[in-house]
Amino acid sequence: MRKKLKVTILISGNGSNMLALINDMMEKDHPAEPILVISDRPDAKGLKLAKSKNIKTAIVNYKKCSGQQEFEETLKKSISLSGAEIICLAGFMRILSPNFVNAFKNQILNIHPSILPLFKGLNSHARALSSGMAVHGATVHLVSEELDNGKILGQGIVKIFEGDTETILAKRVLKLEHKLYPRVLRNFSEKISEKIVLFDS
Ligand code: GAR
């Protein structure tokens, strides 16, 4: 049997994308395996979910670190010790410095809730609504030095309907994220360069 690529997932909250990735990697034919989930917050709900799937978890508590440098050094050590070959940011709400990104160049994937390069940063759903967009979505991309700016690996597109609120739209996008991120991780692990494009049905 082929050796599976080791994946470490970084979370800050609910971990629903993390769960979608883990569930897909549980498939026998998957080219990668989840070896560690790290949260920057001790209260992240996703930690419990990861444990329920028998995945090792770790907390690198940002608030207990003296600053970004100590946080990133601790995170780096934990990731390197895990032997990770791919790092998936899944609702990880911290900005990583160029120093950190370059330590794992072309190994870090992120999911962002917008059709990049539109609506980088926070509050993407509210900004898509207030811009009068007809469509919105999510993007999985490689993490580069600049925020939400790395190579696009896949995108999911949803319609915006009359009367949509931020909550309704976020829910519609998140549902598609759960399909998109696993598909992209599979392709990335197999070194398939074709971009994934999904439409909400
Ligand atoms: C997801 O919508 C993800 O795209 C977004 O946070 C949510 C996390 O949900 N990520 C970002 O905004 C990163 N900039 P989850 O914890 O249930 O996966």
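Just so it is clear, the structure is predicted and the values come from calculations on it, not from any experiment. Both counts, for ligands and for their atoms, begin at 1 and track the order of listing. Just so it is clear, the values below take in all heavy atoms, side chains as well, and ignore hydrogens, waters and symmetry mates.
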**Complete:** Among non-hydrogen protein atoms, atom 12 (O) of ligand 1 lies closest to P113 CD, 3.4 Å

**Request:** Would you tell me whether N187 and E194 have side-chain atoms, one donor and one acceptor, within less than 3.5 Å of each other?
**Result:** no

**Message:** With heavy-atom distances below 4.0 Å as the criterion, list the atoms of ligand 1 near E177.
**Reply:** 1 (C), 2 (O), 3 (C), 4 (O)

**Request:** Please assess V7 against I9 for the test side chain to side chain contact (heavy atoms under 4.5 Å, CB included), listing each intermediate value before the final yes or no.
**Result:** CA-CA 6 Å; V7 176; I9 305 171; 4.1 Å; yes

**Prompt:** Side chain, backbone, both or neither: which part of L174 comes within less than 4.0 Å of ligand 1 when only heavy atoms are counted?
**Reply:** side chain

**Message:** With a 4.0 Å cut-off on heavy atoms, is G15 in contact with ligand 1?
**Reply:** yes

**Among S16, G13, G91, closest by any non-hydrogen atom to atom 15 (P) of ligand 1** = S16

**Min N/O separation M18 to ligand 1 under 3.5 Å** = no

**Message:** Testing the 3.5 Å rule here: is there a donor-acceptor pair between the side chains of Q68 and E72?
**Reply:** yes

**Prompt:** Hey, looking at atom 10 (N) of ligand 1, which of L176, T139, N123, I111 has the closest heavy atom?
**Reply:** I111

**Prompt:** What atoms in ligand 1 come closer than 4.0 Å to a heavy atom of N14?
**Reply:** 16 (O), 17 (O)

**Item:** Within 45° cone of Y62 ring axis and under 6.0 Å: R41 NZ or CZ
**Value:** no

**Request:** Would you kindly say whether D40 and S12 are connected by a side-chain donor-acceptor distance under 3.5 Å?
**Result:** yes

**Asked** Does the ring centre of H136 sit less than 6.0 Å away from the ring centre of H125?
**Response** yes

**Request:** Considering heavy atoms of the protein only, find what lies nearest to atom 14 (N) of ligand 1 and give residue, atom and distance to 0.1 Å.
**Result:** H112 ND1, 3.6 Å

**Message:** So, 4.0 Å and heavy atoms of M93: is ligand 1 close enough to count as a contact?
**Reply:** yes

**Prompt:** Minimum heavy-atom separation for R186 to H30, with atom names?
**Reply:** CG-NE2, 3.2 Å

